[in-house]
Amino acid sequence: MLRPYIYVMPRCGGRNGMILRLRHLDAVPEVLLRNIAVFGLGYVGLVTGAGFADLGNHVTGVDVDEERLRLLHRGELPIYEPGLSELVERNVRAGRLRFTGSYDEALREAEFAFIAVGTPSGNEGEADLQHVRQAAESIGRAMRPSLIVVNKSTVPVGTGDFVADLIRRSQPRPMPFSVVSSPEFLREGSAIADFLAPARTVLGSVDREAAEKVAQLHLPLRAPIMITDLRTAEMIKYASNAFLATKISFINEIANLCDALGADIKEVAVGMGYDPRISPHFLDAGLGYGGSCFPKDVRALAYMAAEKGRHPQLLQAVMEINADQRRRIVERTADLLGGLEGKVVGLLGLSFKPNTDDLRDAPALEVARRLGESGATVRAYDPVAMPRAASLMPQVEMASDAYRLAEGADALIVCTEWNEFKHLDLEQVRNAMRQPVLVDGRNIYDPDLMARLGFRYDAVGRRTRVDALPAEAGGAP
Ligand SMILES: NC(=O)c1ccc[n+]([C@@H]2O[C@H](COP(=O)([O-])OP(=O)(O)OC[C@H]3O[C@@H](n4cnc5c(N)ncnc54)[C@H](O)[C@@H]3O)[C@@H](O)[C@H]2O)c1
């Protein structure tokens, strides 16, 4: 059987990244079954709560949003995440998972308190910690002694100490407790698989014993566990997201050069990806990153740097390139249509990526806004995000499927690479449109096929803009 490794780094009392002897940690299965409270029942909290319940623990999920609790009590999910509904239902039925609005009820028996509340961007790009603050204070008021508070929210480096301080000051009388940082790396759309088979678990604490207890909870997942100090764990989360965002902006910069020089970004990415130092992941050129994590986390890291008097030039460039991708796709559409005034443009996809209904910082929202500002009528179709989108973008007319979206449209823009868009009957789409213009913001179609089907097709870095080629390269008109 595969055994997980636990690396205890020097910052948490390990010598030179020592590997913990596991005998005492995974010998007795009952030791692993714990009483856990999870605060915040969004994408992270619900998956974490249901996931730990599925491993046999008793989990109480807490949220301050009454509508969210009402839905959960009715057996409905407030978010779309593949497989989550079954996981929640199974564990509620087994009596291992329940939901409440009461911190007191959740903490009565809890040994672990997971904080999984949102940390959105503040006005200046800083992480807004108001929900973390409220959660920490409520925990302090309701906790019993020896609680281990585990922070899963993505929080600025140093927040672990801030949380400890808030809890201490909110306690009705002094009680011992520990704070452990456990940054979350799950991806929406594959969150359950990511919970059950993480690439690694990172834990940070000044209290090595508490960190090892949290490590025990994760042992059934059989992934490497690294234990370091609080600040280092918090930084690992930001550095990981900033690195992934950098990869996306890097490939988009190269894609724009491909457009200018006549190379094909898809093949460039394949050629690069064979190099194990580069890896093929996160080399998809297109509309850029969005969602509830990368944009706010890169901004927050840049803010932390600036606060300390550093100039985060790389992070600034990553954000600028990402913003340009959204602007450029609208300009490309305008070029192909000879202006946007009075044109009907359909958006294929709204969510920031496939398999989620999350619209936070979704590129499609900005694309829709820019199109509307330029005088276009905007329509959209998304397989799951339309109910959420309807209130966020009331001026956008929602279509019931991709073919209805195409009816009478002057252009379609692919904003999200949902599988169902990859297998459309493109002839039917073309025949329904007023003009056969398709701008592929996610590079999901084959440029040659699109040309054969009679589309005026543009993509990102895919030799579709032959006018950019010099005459001697054979591509200029
Ligand atoms: N969504 C992701 O893919 C993802 C991945 C990794 C890390 N994270 C991080 O995890 C954290 C949570 O993200 P999310 O996407 O799950 O957020 P979310 O907005 O989906 O959910 C947050 C939940 O917390 C609740 N809440 C707010 N204040 C509360 C309080 N005081 N007590 C109890 N509940 C409270 C809200 O009502 C909401 O239901 C963020 O810091 C985020 O950056 C998210």
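Atoms within each ligand, like the ligands themselves, are counted from 1 in listed order. Only this structure's heavy atoms are used, side chains among them; waters, hydrogens and symmetry mates stay out.
In summary, Asp440 and Arg332 do not engage in a salt bridge, as defined by a charged side-chain N under 4.0 Å from a carboxylate O. Between Arg442 and Asp284 there is no salt bridge, since no side-chain N of the basic residue sits under 4.0 Å from a carboxylate O of the acidic one. Looking at Glu331 and Arg326, no side-chain N of the basic residue comes within less than 4.0 Å of a carboxylate O on the acidic one, giving no salt bridge. Using a cutoff of 4.0 Å between basic side-chain nitrogens and carboxylate oxygens, Arg133 and Asp128 are not scored as salt-bridged.
Of the protein's non-hydrogen atoms, Thr119 OG1, 2.6 Å is the one closest to atom 41 (O) of ligand 1. Of the protein's heavy atoms, Thr154 OG1, 3.4 Å lies nearest to atom 9 (C) of ligand 1. Considering only non-hydrogen protein atoms, atom 38 (C) of ligand 1 sits nearest to Asp63 OD2, 3.5 Å. From the protein, the heavy atom lying nearest to atom 21 (O) of ligand 1 is Gly42 CA, 3.2 Å. Nearest to atom 4 (C) of ligand 1 among the protein's heavy atoms is Cys293 SG, 3.3 Å. Taking atom 28 (N) of ligand 1 as the reference point, the nearest protein heavy-atom neighbour is His131 ND1, 3.5 Å.
Taking all heavy atoms of Leu41, Val44, Val62, Ile79 into account, the minimum distance to atom 13 (O) of ligand 1 is reached by Val44. When Val117, Val47, Asp65, Asn241 are checked for heavy-atom proximity to atom 26 (N) of ligand 1, Val117 turns out nearest.
The side-chain tip of Arg360 does not point at the ring of Phe352 from less than 6.0 angstrom away and within 45° of straight on.
The contact set between ligand 1 and Leu186, taken as ligand atoms under 4.0 Å from a residue heavy atom, comprises 3 (O), 5 (C). Taking every heavy atom of Glu184 and a limit of under 4.0 angstrom, the matching atoms of ligand 1 come to 6 (C), 7 (C). Within the listing of ligand 1, atoms 23 (C), 24 (O), 25 (C), 33 (C), 34 (N) sit less than 4.0 angstrom from a heavy atom of Gly40. Near Ala116, meaning under 4.0 Å from any of its heavy atoms, are these atoms of ligand 1: 12 (C), 22 (C). Residue contact check: Lys296 has heavy atoms under 4.0 Å from atoms 42 (C), 43 (O) of ligand 1. Listed by atom number, the atoms of ligand 1 under 4.0 Å from Gly118 heavy atoms are 22 (C). Close contacts between ligand 1 and Tyr103 involve ligand atoms 30 (C), 31 (N), 32 (N), 33 (C) [criterion: under 4.0 Å to a heavy atom].
With a 4.0 Å cut-off on non-hydrogen atoms, Phe352 does not touch ligand 1 at all.
Partner of Val150 under the side-chain contact (heavy atoms from CB on, under 4.5 Å) criterion, chosen from Val214, Val179, Thr48, Ile36: Val214. Screening Val38, Thr60, Leu72, Val92 for a side-chain contact (heavy atoms from CB on, under 4.5 Å) involving Leu97 leaves a single residue, Val92.
Ligand 1 has a nitrogen or oxygen under 3.5 angstrom from a nitrogen or oxygen of Arg68. Any N or O atom pair closer than 3.5 Å counts here, and Glu188 shares at least one such pair with ligand 1. Between Tyr43 and ligand 1, a contact under 3.5 Å exists for at least one N or O pair.
Side-chain N or O atoms of Gln325 include one that pairs as donor or acceptor with a backbone N or O of Gly286 at under 3.5 Å. In this structure, Ser391 contributes its side chain and Arg388 its backbone to a donor-acceptor pair below 3.5 Å.
Aromatic rings from Phe52 and Phe195 are positioned such that their centres are separated by under 6.0 Å.
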Under 3.5 Å donor-acceptor pairs involving side-chain atoms of residues 109-118, not counting sequence neighbours:
residue	atom	partner	partner atom	Å
Glu111	OE1	Arg34	NH1	2.9
Glu111	OE2	Asn35	N	2.8

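Contact between Arg360 and ligand 1 is present, with at least one heavy atom of the residue lying under 4.0 Å from the ligand.
When the side-chain contact (heavy atoms from CB on, under 4.5 Å) test is applied to Asp207, the partners found at least two apart in sequence or on another chain are Ser178, Ser205, Glu209, Ala210.
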